[in-house]
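Below is one structure; the comments refer to it alone.
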Amino acid sequence: MEILKPAMAGTLESSDAQVTVEPGTQGIQLTLSSSVMNQYGRQIRATILETLERLEVKNANVTVVDKGALDCTLKARVECAVFRSADCSQQNIPWGGVIV
Amino acid sequence: MSYTLSEIRRDNPRECSQLHDLLHSQGIALDSNLDYTCGLFDEDWNLVATGSTFGATLRCFAVSKDHQGEGLLNEIVSHLMEYEMNQGRVHLFVYTKTSSAKFFGDLGFFPIAQVDGTLSFLENRPRGFAQFCQQLAQYRRPGTAAAVVMNANPFTLGHQFLVEQAASQFDTVHLFVLEEDASLVPFAVRWQLVQEGVAHLPNVICHKSGPYLISSATFPSYFLKDETTVIETHAKLDLALFGTIAQTLGISARVVGEEPSSVVTGLYNQVMAQKLPELGIQCLVLPRCTQHGQVVSASTVRSLIHQGRVEEICPLVPQSTYAYFTSPDAAPVIAAIQNSSQVVHY
């Protein structure tokens with residue numbers, strides 16, 4: 001999926017994560033900050049990158065401010081931000097799937 | 001306890017007085033220019049936390065003393081970021097007391113400058129300012145270098161004189177044109193007229209100022225009327241950022257014109273004369289260029305256009321600027337100036 005415009009999903013509240021995606025040209029540029037970076041940083045990074053890969057996002061600047069979100073929350077927030085940025089969050093949202 | 005998030009409107013006296021009280025209790029004054037203010041209210045509709053936006057900046061944050069540590073700031077910042085996103089603004093800035101800056105560090109904001117150890121300025125990109133400087137660094141040239149910063153609204157003989165003087169004294173002149181589109185003459189036109197007006201000076205390099213030099217983020221009071229102390233604080237912040245830019249480009253002096261009329265530019269010059277030497281940068285104030293005993297100023301040019309006397313700007317501006325204002329392209333800009341009630345910079 002191609003990132004067409006900047007979009008955001010999620011909040012900065014505890015147990016959530018705020019995901020911002022912006023159009024980019026040099027692959028996936030991920031900026032991650034997390035309140036549990038020392039404990040789960042690797043796992044969080046892997047979850048975000050996996051979700052982006054599943055959505056076939058090749059180029060994007062992604063900023064995630066994590067406040068201790070569970071993996072399922074992270075996935076949902078990343079998906080939502082990508083769908084919003086690709087203008088397909090209005091109807092027939094393909095949760096968990098890929099859009100071609 | 002559950003809280004309700006709501007916009008605070010200027011026409012609601014009860015909420016506004018609560019807003020003033022809450023900010024005052026935290027030693028913060030409410031800025032006079034704000035786009036949007038929100039607050040969290042408890043079950044009895046008492047204000048417990050607040051935050052505001054102006055342009056791409058988040059500011060005027062306060063959380064009631066009795067409710068600190070409940071994560072209320074996070075909720076306010078989330079909401080304001082969503083609001084900014086809906087306005088199409090992604091690159092955001094925060095003004096806050098240095099003692100509170102660490103809370104914003106936890107919310108994905110990174111410090112870029114500080115004023116007097118009390119005010120901090122942050123942005124939501126880890127390397128935003130660093131990248132801006134990195135891109136400028138490729139324009140660094142050997143030898144001496146000076147900087148000129150101008151709005152050029154529009155470019156006059158005064159601007160040209162200033163740049164020519166700087167170009168004759170230094171090996172390289174870095175000319176920054178304010179990118180903020182808050183002036184009567186749009187940036188694209190100002191940029192074009194500046195480039196044409198300095199085309200004969202090979203050692204002048206033009207730069208777009210980006211969001212870091214006299215922008216609505218660093219220096220909102222340049223564009224909208226505010227109090228003296230506010231202007232001074234904004235000016236200091238702006239110069240703190242300029243210090244870093246100057247270092248990147250090897251700039252040893254900033255060349256400015258005397259300011260006889262505008263309050264805000266006059267104050268800015270005063271702060272520069274005091275602060276720049278502390279940063280190891282010389283502040284060169286040049287007398288204004290005059291025509292028939294009258295100083296050439298862009299405000300005068302705008303006033304003449306405002307009064308419909310476009311031909312009379314001829315002796316005040318370079319040929320390129322005059323050619324533009326007498327061309328059909330200029331019609332919308334002239335109309336904007338003629339319809340504006342405030343053409344002179346305050």
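No hydrogens, no waters, no symmetry mates; every other heavy atom, side chains included, goes into these values. Worth saying up front: this structure is predicted, and the values here are computed from it rather than measured.
- Looking at A:Lys67, only its side chain comes within 4.5 Å of chain B, counting heavy atoms on both sides.
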- Message: side-chain contact (heavy atoms from CB on, under 4.5 Å) for B:Val90 and A:Thr20? Distances and angles first, verdict last.
- Response: CA-CA 9 Å; B:Val90 192; A:Thr20 314; 4.1 Å; yes
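- Annotation for B:Lys236: atom NZ counts as buried by contact number, over 12 foreign heavy atoms lying within 6.0 Å.
- Between A:Met8 and B:Met85 the shortest heavy-atom distance is N-CE, 3.7 Å.
- Contacts of B:Arg125 with chain A are made by side-chain atoms alone, with heavy-atom separations under 4.5 Å and no backbone atom involved.
- Here the straight-line distance linking atom CE of B:Met81 with atom CD of A:Gln18 works out to 4.0 Å at 0.5 Å rounding.
- For A:Glu2, the CD atom sits in a loose shell: 12 or fewer heavy atoms of surrounding residues, nucleotides or ligands are nearer than 6.0 Å.
- Looking at A:Ser35, neither its backbone nor its side chain comes within 4.5 Å of chain B, counting heavy atoms on both sides.
- More than 12 heavy-atom neighbours from other residues, nucleotides or ligands sit within 6.0 angstrom of CZ on B:Phe41.
- Few gaps surround CD on A:Gln39; more than 12 heavy atoms of other groups in view lie less than 6.0 Å from it.
- Taking all atoms of both residues into account, the shortest heavy-atom contact from B:Gly108 to A:Ser33 is CA-OG, 4.2 Å.
- Among B:Gly88, B:Pro126, B:Gly105, the residue making the largest number of heavy-atom pairs under 4.5 Å with chain A is B:Pro126.
- Residue-environment remark: CD (A:Glu53) stays at or below the threshold of 12 foreign heavy atoms within 6.0 Å.
- Checked against A:Leu12 for a side chain to side chain contact (heavy atoms under 4.5 Å, CB included), the options B:Val77, B:Leu73, B:Ile76, B:Asp106 give a single hit: B:Val77.
- Separating the CG atom in B:Asn124 from the OG1 atom in A:Thr63 is a distance of 7.0 Å, to the nearest 0.5 Å.
- Contact of A:Glu13 with chain B is made through backbone and side chain together, with heavy-atom distances under 4.5 Å.
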